[in-house]
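To keep things clear, I will list the structure first and then write my remarks on it.
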Amino acid sequence: MTAVDGDGVRLKTEADEPGWEVDPDDEWGVAVIATVGRQLKLWREAAGIRAAEFGKAVGYGEDLVYKIEGGKRIPRLEYLDKADEVLDAGGLISAMKEDVKKVRYPKKVRALGEMEAKAVELQLYDPLNVHGLLQTPEYARGLLLMRRPAYTEDEVERFIAARVARKAVFERDPAPELSFVLEEWTLRRPLGGRVALRGQLEHLLEAGQLRNVELQVMPMDREEHAGVDGGIEVLKFEDGSAVGRSPAMANGRPVTEPKQLRILELRYGIIRAQALTPRESTAFIEQLLGET
């Protein structure tokens, strides 16, 4: 065991760690965190260290240590590294970070990421913001800080980490076909500041150069717009199946019935036809970047 002196150090409590509770509806997440907590407790007890003493060593209050070991709290990745050091676990505790990383993401985001990872074609339209798959971390932070009631800083970091993880869809081989329609006003509003907006516009230009990505901008001066019913997501898979989602259909729940999917694809197709072409959109984003 590595001795660590925690005297004189303010130990973290629940008030310092908001947003790290386990979602009771997330069965897989609950099981993972329960297993991690149980392993932490076994390692600590095998080393003959009391919870209070261990808490001082890793910088956490005794109550928070018990909650992590009881599967009630998601441990920070730094907590696992510190526990590995204190308990001389030789990397076995730190190795649990990979599973904990996934549980940190909300269940809904994790499920969406899993579907995106399997899709061979994605058709995406968000009328309110730059789509999450295209957001830079700086833009995402500015967007999340707009939320009222406000997210805690830890919640903001968790959501940003989840969005960054979803970007793995761009790195797949073979790469899926990605189609995005962006609203002009979302490219003009400087959420998080003009520096963040410039970085976001530059990122869009880079993404638009990828052979498997098509970006189109819907100008604000269009007199006809098929997207007034809200966002659209259609994901198609290698076996010919598909799943779609829109707030105007089935209360925003995913749909797989052919009739409903045809409606979503029809709307998306009309939106694309009404928007600027990919080449025109690139020129338009370059113009906005010059004005920002």
Side-chain angles (χ1 to χ4, degrees), residues 1-114 117 137 140-141 144-145 147 149-166 168:
M1 180 191 77
T2 301
V4 179
D5 182 10
D7 293 339
V9 177
R10 182 178 176 276
L11 304 180
K12 288 190 177 76
T13 65
E14 282 197 79
D16 301 308
E17 298 280 85
W20 291 79
E21 297 84 2
V22 182
D23 181 355
D25 295 327
D26 185 356
E27 295 180 2
W28 181 79
V30 169
V32 168
I33 297 306
T35 299
V36 170
R38 187 162 53 249
Q39 290 297 316
L40 285 167
K41 182 179 180 181
L42 288 173
W43 276 96
R44 177 178 61 76
E45 291 180 341
I49 308 175
R50 293 176 301 171
E53 181 185 357
F54 178 74
K56 286 184 179 180
V58 297
Y60 276 65
E62 180 180 3
D63 183 59
L64 204 49
V65 169
Y66 278 128
K67 288 198 171 183
I68 290 174
E69 292 182 350
K72 305 299 183 184
R73 303 279 295 186
I74 302 172
R76 283 180 175 272
L77 304 185
E78 311 90 86
Y79 181 97
L80 296 176
D81 283 334
K82 195 67 177 177
D84 195 283
E85 176 188 343
V86 171
L87 299 172
D88 279 340
L92 294 177
I93 292 178
S94 291
M96 295 189 286
K97 289 192 295 185
E98 291 306 311
D99 287 329
V100 173
K101 281 181 184 178
K102 298 174 184 177
V103 177
R104 289 177 61 197
Y105 309 147
K107 180 181 179 181
K108 182 171 65 174
V109 174
R110 200 167 64 237
L112 179 58
E114 290 172 357
R141 175 181 294 279
L144 291 165
L145 291 176
R147 168 68 182 268
Y151 288 126
T152 66
E153 185 61 28
D154 280 328
E155 287 173 324
V156 169
E157 293 303 324
R158 289 176 66 189
F159 280 120
I160 291 175
R163 293 186 187 186
V164 170
R166 287 173 59 197

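Across every non-hydrogen atom of Ile33 and Pro75, the tightest pair is CD1-CD, 4.1 Å. For the pair Val100 and Leu77, the tightest heavy-atom approach, listed with the atom from each and the gap, is CG1-CD2, 4.1 Å. Nearest heavy atom pair, residue Phe159 against residue Leu144, reads CB-CD1, 3.7 Å. For Gly61 against Leu11, the heavy-atom pair with the smallest separation is N-CB, 3.6 Å. Shown here for Arg44 and Glu69, the closest heavy-atom pair between the two residues is NE-OE2, 2.7 Å.
Salt bridge Lys56/Glu62: absent, no basic N to carboxylate O contact under 4.0 Å.
Atom NZ of Lys41 and atom CZ of Arg38 lie 10.0 Å apart (nearest 0.5 Å). Rounding to the nearest 0.5 angstrom, the gap separating the CZ atom in Arg147 from the CD atom in Glu155 is 8.5 Å.
Taking the ring-ring contact (aromatic ring centres under 6.0 Å, His included) definition, one finds that Phe54 meets it with nothing, sequence neighbours left out. With sequence neighbours excluded, the residues that form a salt bridge (Lys or Arg N to Asp or Glu O under 4.0 Å) with Lys97 are Asp81.
Counting heavy atoms from C-beta on, the side chains of Val156 and Arg141 come closer than 4.5 Å. Counting heavy atoms from C-beta outward, Arg73 and Tyr60 have side chains that stay 4.5 Å or more apart. In this structure, the side chains of Tyr79 and Val65 come closer than 4.5 Å at one or more pairs of heavy atoms.
When Ile68, Leu40, Val58 are each tested for a side chain to side chain contact (heavy atoms under 4.5 Å, CB included) with Leu80, only one passes: Leu40.
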